[in-house]
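Heavy-atom basis, side chains included; hydrogens, waters and symmetry copies ignored.
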Amino acid sequence: MITPAALHRTVRAALEEDAPWGDITSTVLLPEHAHATADLVAREGGVFSGGDVFAAAFTLTDPGVEVRLRLADGARFERGDVLASVAGSARSLLTAERVALNFAQRMSGIATLTAAYVDAVAGTGVRIADTRKTTPGLREFERHAVLSGGGSNHRRSLSDAVMAKDNHLAVLRQSGHDLASALRAALSRLPHTTHVVVEVDRLDQIPEVLDGGAHTVLLDNFSLEDLRAGVALIAGRAVAEASGGVSLERVRAIAETGVQVISVGALTHSARALDLGLDLRID
């Protein structure tokens, strides 16, 4: 869920970036009292996300603009569907148009790609999760879009969970520390609610991670055969998560190895913006 503070802060920053001293084109060309209505129309099918963000782009520009959202976040739509409507000053609608569309297209693109991954693993019970590979400054919006597509959120930030990756493990080794002891020591200092994830890229690392008490073992860039072997080694002592090299073509096979979570960086770093347009008419 996007917090009101993040919604206001992020959308306001985008509006100020796009029109730091106002929209001079609309101001000098358009009649001051011209009133318009516009529809957000889908040029292709997908999954909607970012309704509140789309609306905020207009209402922060001009509180007098009326916004009507026709779909809830997470709803699927087809080409030609009207997703939202706005009405108000023509100047205000055109000033906010690009920012509103950028957010709606980006977030709906992420939701649509996420839904494709979720659909691909249907019936397996596996969660599709995002990663921290998000656009700087837009993480809260992009995480929300993943939820809109039926996916799950991974840790929000470095402050939310312990996640030891390859470089962390390299530092421990080079410092003469064994991983199991380091994990046990860390767990003794952490609140009992803090989740601990350890990334491994070889099967022989798994026993030490389990001995250290990790809650999740992240199997990174494993072959399907090694994923099955890794799940067998974990044997329910921790959550088995797969990551790395996950594609739509391969995700079903990964899910069928027995892992419980598949994290996919592509959900946010490679999603294509959906083709949505704002069709305007003067009242």
Side-chain angles (χ1 to χ4, degrees), residues 1 114 117-118 121 123-134 139-140 142-143 146-147 150-246 250-269:
M1 180 179 177
T114 301
Y117 274 90
V118 171
V121 301
T124 65
V126 171
R127 286 187 174 197
I128 298 295
D130 56 20
T131 70
R132 286 172 42 247
K133 296 175 183 176
T134 53
R139 181 169 294 171
E140 196 154 348
E142 294 181 351
R143 282 165 56 85
V146 168
L147 295 179
S152 299
N153 292 148
H154 218 290
R155 60 172 177 165
R156 183 183 182 279
S157 72
L158 293 172
S159 302
D160 295 316
V162 172
M163 188 168 178
K165 297 173 73 69
D166 54 352
N167 285 333
H168 296 99
L169 304 190
V171 171
L172 283 175
R173 284 194 303 271
Q174 293 167 20
S175 302
H177 295 86
D178 72 275
L179 178 58
S181 297
L183 286 173
R184 286 193 290 268
L187 284 164
S188 72
R189 298 195 302 272
L190 290 167
H192 71 281
T193 54
T194 303
H195 197 82
V196 176
V197 183
V198 180
E199 176 188 275
V200 300
D201 52 24
R202 302 189 318 272
L203 288 169
D204 62 8
Q205 294 173 291
I206 294 175
E208 188 178 18
V209 172
L210 294 174
D211 288 346
H215 305 117
T216 294
V217 181
L218 194 158
L219 308 168
D220 187 47
N221 283 298
F222 275 44
S223 67
L224 295 177
E225 179 181 358
D226 282 351
L227 282 173
R228 284 187 284 269
V231 169
L233 279 171
I234 294 168
R237 293 174 61 188
V239 173
E241 176 180 347
S243 186
V246 181
R250 191 168 178 258
V251 70
R252 179 80 190 190
I254 294 173
E256 290 174 343
T257 64
V259 297
Q260 293 141 288
V261 180
I262 302 174
S263 48
V264 187
L267 299 182
T268 52
H269 72 58

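With sequence neighbours excluded, no residue forms a side chain to side chain donor-acceptor pair (under 3.5 Å) with Thr193. Applying the side chain to side chain donor-acceptor pair (under 3.5 Å) criterion to Asn153, with sequence neighbours excluded, gives Asp130. Residues that satisfy the side chain to side chain donor-acceptor pair (under 3.5 Å) test with Asp178, not counting sequence neighbours, are Ser181.
Under the 4.5 Å side-chain criterion, counting only non-hydrogen atoms from C-beta, His154 is not in contact with Arg132. Looking only at side-chain heavy atoms (C-beta outward), Val171 and Asn167 stay at 4.5 Å or farther from each other.
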Return all side-chain donor-acceptor pairs below 3.5 angstrom for residues 199-208, not counting sequence neighbours, or 'none' if the list is empty.
from: Glu199; atom 1: OE1; to: Lys165; atom 2: NZ; distance (Å): 2.9
from: Glu199; atom 1: OE2; to: Asp166; atom 2: N; distance (Å): 3.4
from: Arg202; atom 1: NE; to: Asp204; atom 2: OD1; distance (Å): 2.9
from: Arg202; atom 1: NH2; to: Asp204; atom 2: OD1; distance (Å): 3.2
from: Gln205; atom 1: OE1; to: Asp201; atom 2: N; distance (Å): 2.8
from: Gln205; atom 1: OE1; to: Arg202; atom 2: N; distance (Å): 2.9
from: Glu208; atom 1: OE2; to: Leu179; atom 2: N; distance (Å): 2.9
from: Glu208; atom 1: OE2; to: Ala180; atom 2: N; distance (Å): 3.4

Show me the donor-acceptor pairs within less than 3.5 Å that the side chains of residues 214-224 make with the rest of the protein, sequence neighbours left out.
from: His215; atom 1: ND1; to: Val196; atom 2: N; distance (Å): 2.8
from: Thr216; atom 1: OG1; to: His195; atom 2: NE2; distance (Å): 2.7
from: Ser223; atom 1: OG; to: Asp226; atom 2: N; distance (Å): 3.1

Donor-acceptor pairs are to be reported for all side-chain atoms of residues 255-265 against protein atoms at under 3.5 Å, with residues two or more places apart or in another chain.
from: Glu256; atom 1: OE2; to: Arg252; atom 2: NE; distance (Å): 3.0
from: Thr257; atom 1: OG1; to: Ile254; atom 2: O; distance (Å): 2.6
from: Gln260; atom 1: OE1; to: Ala240; atom 2: N; distance (Å): 2.8
from: Ser263; atom 1: OG; to: Glu241; atom 2: OE2; distance (Å): 2.8
from: Ser263; atom 1: OG; to: Ser243; atom 2: OG; distance (Å): 3.1

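Pairing each heavy atom of Ala185 with each of Ser188, the nearest pair is O-OG, 2.6 Å. Closest approach of Gly244 to Arg250, counting heavy atoms only: O-NH1, 4.2 Å. Shown here for Val246 and Tyr117, the closest heavy-atom pair between the two residues is O-OH, 3.5 Å.
With rounding to the nearest 0.5 Å, the separation of CG in Leu187 from OG1 in Thr194 is 9.0 Å. Considering CZ of Arg184 and CZ of Arg189, their distance stands at 13.0 Å, rounded to 0.5 Å.
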